[in-house]
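Here's the structure, in structure tokens; my notes come after.
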Amino acid sequence: MNNGYIEDLRKQVKKALKEDKMRYRHTLGVADTSACLAMRYGVDMQKAYIAGLLHDCAKCVPDTVKLEECNRYGIEVTEFEKNSLYLLHAKLGAYYAKELYHIEDPSICSAIYWHTTGHAGMTKLEEIVYIADYIEPYRNHAQNLDTIRQLAFMDLERAIYQVTKDTLAYLEKKGGSIDPATVQTYEYYQNLAKKGDK
């Protein structure tokens, strides 16, 4: 990896997240975990690290500002997202990655864009950042976390199926609303898991 470039980027992210030290710690965990998964699955490690480092770069933006900026910059906002503005940090983060952090690689921006809900048929880089956000070392409250951490390094697609299954079960139990994109992600990876079982 280009250590000088990465270090400069890390300083920029630290400054952007200075109001939330736990978020910055989480960010480093996701970047490191993304790099490890990239090594495991033969994906460009620097791309994975950068995507992990920038995945929450818009997280500390107030929700109303997220919506204003999405509207200003022509970023699509679904009806569900209008009622769950916190989700917009992923889409806005992808925009920030390109415009503020000068990331020209669309695959990195796409991994940031989809890291919260996922989507059917994710690229390997998108899958890596999606899972890394869930299993990074500082996470400690999710259901089946130890199992999913092991699974992520053995069968990435099955790990995504387990994460989306647990997420939907948690939201249903809690009575929370569910983003249709998460349901589509679940259904897609559930089908892959079933095919793998045959």
Side-chain angles (χ1 to χ4, degrees), residues 1-14 16-17 21-59 89-90 93-94 96-98 101-167 182 185-186 188-190 192-193 195-197:
M1 289 203 302
N2 182 337
N3 292 339
Y5 172 72
I6 293 293
E7 187 57 35
D8 182 57
L9 198 57
R10 203 167 20 225
K11 286 176 183 173
Q12 292 177 58
V13 171
K14 186 175 185 179
L17 300 177
K21 289 189 171 95
M22 295 297 286
R23 178 64 45 195
Y24 180 64
R25 190 173 77 168
H26 162 72
T27 291
L28 293 181
V30 174
D32 290 339
T33 304
S34 293
C36 290
L37 286 166
M39 285 187 275
R40 163 63 180 87
Y41 291 105
V43 171
D44 185 294
M45 189 172 67
Q46 180 160 302
K47 287 183 183 183
Y49 189 90
I50 291 169
L53 192 61
L54 294 176
H55 84 286
D56 272 354
C57 66
K59 188 80 172 184
H89 78 277
Y96 281 5
K98 183 179 180 186
Y101 296 94
H102 312 294
I103 303 300
E104 296 178 1
D105 189 320
S107 69
I108 294 173
C109 294
S110 184
I112 297 166
Y113 188 97
W114 291 109
H115 83 267
T116 302
T117 62
H119 69 91
M122 287 189 277
T123 66
K124 197 60 75 180
L125 180 58
E126 289 168 352
E127 290 177 343
I128 282 170
V129 177
Y130 179 86
I131 282 294
D133 186 35
Y134 196 87
I135 68 167
E136 62 92 2
Y138 296 108
R139 290 270 197 204
N140 55 15
H141 295 301
Q143 185 179 2
N144 299 316
L145 195 50
D146 290 339
T147 301
I148 292 167
R149 282 180 170 138
Q150 291 178 3
L151 195 54
F153 286 89
M154 296 187 295
D155 187 335
L156 194 56
E157 292 171 346
R158 193 171 286 273
I160 292 169
Y161 163 59
Q162 189 63 54
V163 166
T164 53
K165 180 181 174 184
D166 290 350
T167 298
T182 302
T185 305
Y186 165 72
Y188 178 86
Y189 286 92
Q190 179 188 41
L192 287 183
K195 285 177 185 174
D197 289 338

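No hydrogens, no waters, no symmetry mates; every other heavy atom, side chains included, goes into these values. This chain uses plain numbering: 1 for the first residue, then up along the sequence.
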Legend entry - Stepwise side-chain contact (heavy atoms from CB on, under 4.5 Å) test for Y24 and K14: CA-CA 6 Å; Y24 180 64; K14 186 175 185 179; 3.5 Å; yes
Inset, instruction - Dump the intermediate steps for side-chain contact (heavy atoms from CB on, under 4.5 Å) on M122 and I160, then the final yes or no. - result: CA-CA 10 Å; M122 287 189 277; I160 292 169; 3.9 Å; yes
Inset, instruction - Would you sort out whether D8 and Q12 count as a side-chain hydrogen bond (donor to acceptor under 3.5 Å, both in side chains), showing the intermediate values? - result: CA-CA 6 Å; D8 182 57; Q12 292 177 58; 3.1 Å; yes
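Taking CG of D44 as the start and NZ of K124 as the end, the distance is 15.0 Å to the nearest 0.5 Å. Expressed to the nearest 0.5 Å, how far CG of L145 lies from CG of N140 amounts to 8.0 Å. F153 CZ to M39 CE: the interatomic distance, rounded to the nearest 0.5 Å, is 8.5 Å. Within the model, atoms CG of L53 and OG1 of T27 stand 7.0 Å from one another, a figure rounded to the nearest 0.5 Å. Here the straight-line distance linking atom OH of Y113 with atom NZ of K98 works out to 13.0 Å at 0.5 Å rounding. Residue I148 holds its CD1 atom at 11.5 Å from CZ of R139, rounded to the nearest 0.5 Å.
Using a 4.5 Å cut-off on side-chain heavy atoms (C-beta onward), E157 and Y189 make contact. You'll find the side chain of I112 stays beyond 4.5 Å of the side chain of V129, heavy atoms only. Side chains of E136 and D32 form no contact here, defined as non-hydrogen atoms less than 4.5 Å apart.
Applying the side chain to side chain contact (heavy atoms under 4.5 Å, CB included) test between W114 and each of E127, H119, H55 identifies H119 as the sole match. When each of D133, T33, V43 is checked for a side chain to side chain contact (heavy atoms under 4.5 Å, CB included) with I128, only V43 meets the rule.
Under the rule for a side-chain hydrogen bond (donor to acceptor under 3.5 Å, both in side chains), T167 has no partner lying at least two apart in sequence or in another chain. Remark: R158 engages D155, D197 in a salt bridge (Lys or Arg N to Asp or Glu O under 4.0 Å) (not counting sequence neighbours).
Proximity of a side-chain donor or acceptor of D56 to a complementary backbone N or O of K59 within less than 3.5 Å is not detected. Panel note: side chain S110, backbone E126; no donor-acceptor pair is recorded below 3.5 Å. Of the possible donor and acceptor atoms, none in the side chain of T164 sits under 3.5 Å from a partner among the backbone N and O of T185.
Crowding of Y5 atom OH: a count of heavy atoms from other residues, nucleotides or ligands under 6.0 Å exceeding 12. The 12-atom threshold is not exceeded at CE of M22, counting heavy atoms of other residues, nucleotides or ligands nearer than 6.0 Å. For CD of E7, the number of neighbouring non-hydrogen atoms (other residues, nucleotides, ligands) closer than 6.0 Å is greater than 12.
Across all non-hydrogen atoms, the minimal contact from A16 to Y101 is CB-OH, 3.4 Å. Of all the heavy atoms in S34 and A48, the pair that sits closest is CB-O, 3.3 Å. Residues A51 and A111 share a closest heavy-atom pair of CB-CB, 4.1 Å. Taking both residues in full, the closest heavy atoms of I131 and A152 are given as CG2-CB, 3.7 Å, listed atom of the first, atom of the second, then distance. Across all their heavy atoms, G93 and A58 have their closest contact at N-CB, 3.6 Å. Taking every heavy atom of both residues into account, A35 and Y49 meet most closely at CB-CD1, 4.1 Å.
Checked by atom type, the side-chain pair D166/Q162 shows a donor-acceptor distance below 3.5 Å.
A parallel orientation is assigned to the rings of Y161 and Y186, their planes being inclined by less than 30° (bins at 30° and 60°).
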